[in-house]
2 protein chains.
Amino acid sequence: MRRSGKKQRYHHGDLRAALLDTAVELIAERGIDAFSLAEASRRLGVAVSAPYRHFADREDLLAAVAVRACDVLIAAVTAEGAGATTPAEALAAAARGYVRFGVEHRALFDAVFGSTLDRPRHPELIHASAPLKEAFLGPALRLSDDDPDAAAALAVAVATTAHGHALMAQLGAFGTRGAVELAVARAGFATLALVAGRTALPPLPNGMHLDTPDAPRPR
Amino acid sequence: MRRSGKKQRYHHGDLRAALLDTAVELIAERGIDAFSLAEASRRLGVAVSAPYRHFADREDLLAAVAVRACDVLIAAVTAEGAGATTPAEALAAAARGYVRFGVEHRALFDAVFGSTLDRPRHPELIHASAPLKEAFLGPALRLSDDDPDAAAALAVAVATTAHGHALMAQLGAFGTRGAVELAVARAGFATLALVAGRTALPPLPNGMHLDTPDAPRPR
DNA sequence: GTCTATATCCCGATAGAC
DNA sequence: GTCTATCGGGATATAGAC
């Protein structure tokens with residue numbers, strides 16, 4: 001019944017969940033920096049002070065959105081690779097899923113990558129994003145005869161290239177009509193090209209392994 | 001003499017240029033969305049109304065910053081490839097220059113790619129960014145036996161991969177110490193891998209050619 | 001758990017004096 | 001070309017009633 005009315009009031013309903021949904025809506029419409037608790041409250045028909053019963057502050061809510069977004073991202077990256085037959089195809093599928101997520105769920109993508117969260121303040125975020133690297137590292141390992149250094153180098157290159165395709169697609173660089181599928185397809189092709197030319201990728205220094213950013217440039 | 005005092009007043013000086021400089025400073029410190037004319041005015045010791053003699057509004061100033069940033073970006077991309085001996089090396093150098101610009105001049109990078117300018121309203125921006133594609137397309141053409149379709153496919157893949165490396169580096173995914181050089185180097189290697197495996201890149205549809213985004217997702 | 005009310009702050013943009 | 005003053009708006013967050 002919750003979906004019946006447009007201006008549903010959440011008095012005594014599950015305001016916490018409703019705030020998360022509304023946050024995603026607002027981020028999709030105006031970007032993550034323009035998101036405000038005040039506007040979310042207005043849209044839900046509650047007082048601007050109500051969210052503070054469920055979230056310590058604005059950043060706390062955005063961190064919760066980012067955690068949810070991580071789950072969706074990981075599902076997207078792993079789902080697309082379910083039917084892959086070769087490791088190279090699995091890697092390309094992971095890249096395609098990553099890009100598809102970026103363009104089809106831009107708000108969630110921004111929640112993960114586009115906000116200025118103080119990540120040390122939200123350790124659950126680091127935990128939520130951990131499985132992501134496995135989706136790239138697993139196939140890369142199979143492609144590299146279990147050489148972990150070569151696999152890490154390839155996985156980083158592929159994930160980074162997928163990231164670029166998602167961002168470029170968001171910028172509109174792949175046009176407007178059919179841009180989603182085009183960007184997704186190009187990310188897959190680029191991945192296969194990286195695989196084919198992977199001998200040009202020397203090992204990363206110090207066993208770096210696609211870690212979640214721990215210390216982003218402060219802002 | 002302009003640099004002598006910290007709280008230099010720009011009364012009757014070149015306020016327009018000073019505003020551009022200060023905008024870059026502020027964007028570097030707090031991000032482009034948090035940039036405000038009011039704070040820039042405060043920092044320069046002028047009234048909040050003063051900037052409106054030089055810029056129609058906030059967006060107009062940000063567009064001017066983006067134009068300047070485009071010039072620096074193009075210089076960075078072409079400069080790094082000056083000494084390249086092979087087309088593959090030239091392409092890798094362009095990618096390295098792109099990433100170096102992204103991490104060393106993050107404010108300028110954000111001015112070009114991270115703002116929500118109404119680009120049709122600022123045609124000079126499209127003009128300023130035009131030479132960028134040549135830096136990638138030129139070497140790609142030489143690598144593709146002057147096949148323009150194959151060259152475009154390669155150029156898009158390389159530029160997009162460079163973009164991904166720049167963004168990932170900004171996120172801190174390449175760590176903190178030595179992150180700049182690491183990201184720059186990885187972008188170069190990834191480019192060489194793409195070149196080596198470029199037969200996996202089918203032609204783009206409809207003669208697409210790395211155009212500047214004309215219709216970014218509205219926000 | 002939500003409301004009312006409020007304190008405090010910041011912003012973009014304009015009018016009119018000098 | 002810059003200033004003073006101001007309008008109109010929106011934000012975060014808290015206090016205290018119910």
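The chains referred to below are lettered A, B, ... by the order of the sequence lines, with proteins before strands, and numbering in each begins at 1.
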Take the protein atom [atom1] of [X] and the nucleotide atom [atom2] of [N], then report the distance between them rounded to whole Å.
X: A/D60; N: D/dT12; atom1: CG; atom2: C1'; value: 14 Å
X: A/D57; N: D/dA11; atom1: CG; atom2: P; value: 16 Å
X: B/D33; N: C/dC10; atom1: CG; atom2: P; value: 19 Å
X: B/L15; N: D/dG1; atom1: CG; atom2: C1'; value: 9 Å
X: A/L37; N: D/dT14; atom1: CG; atom2: C1'; value: 14 Å
X: B/R58; N: C/dT14; atom1: CZ; atom2: C1'; value: 18 Å
X: A/L19; N: D/dT12; atom1: CG; atom2: P; value: 12 Å
X: B/L62; N: C/dG12; atom1: CG; atom2: C1'; value: 13 Å

Of the nucleotides D/dT4, C/dC11, D/dT2, which has the atom closest to the B/A47 side chain?
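Nearest to the side-chain atoms of B/A47, counting from C-beta on, is D/dT4.
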Which listed nucleotide (C/dG12, D/dA11, C/dC3) is nearest to the side chain of A/E39?
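Of the options given, the side chain of A/E39 lies nearest D/dA11.
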Within a 6.0 Å radius of atom NE2 on A/H122, are there more than 12 heavy atoms belonging to other residues, nucleotides or ligands?
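Yes, because the 6.0 Å sphere around NE2 of A/H122 holds more than 12 heavy atoms from other groups.
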Could you tell me whether a side-chain N or O of B/E59 sits under 3.5 Å from a main-chain N or O of B/D118, the two making a donor and an acceptor?
yes
Side-chain (B/R100) to main-chain (B/A166) donor-acceptor, under 3.5 angstrom
no
When you check the phosphate oxygens OP1 and OP2 of D/dA11, does a side-chain N or O of A/R42 lie under 4.0 Å from one of them?
yes
Minimal heavy-atom distance between B/A76 and B/F101, with the atoms involved, is CB-CB, 4.0 Å
Do B/H163 and B/F109 have their ring centres less than 6.0 Å from each other?
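Yes, the ring of B/H163 comes within the 6.0 Å limit of the ring of B/F109, centre to centre.
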Any Lys/Arg nitrogen of B/E29 or B/R43 sitting under 4.0 Å from an Asp/Glu carboxylate oxygen of the other?
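A salt bridge links B/E29 with B/R43.
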Salt-bridge contact A/D21-A/R68 (side-chain N to carboxylate O under 4.0 Å)
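Yes, A/D21 and A/R68 are salt-bridged.
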Going by number, which of residues 48-55 of chain A have a non-hydrogen atom under 4.0 Å from DNA chain C?
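Within this stretch, A/S49, A/A50, A/R53, A/H54 sit under 4.0 Å of the strand.
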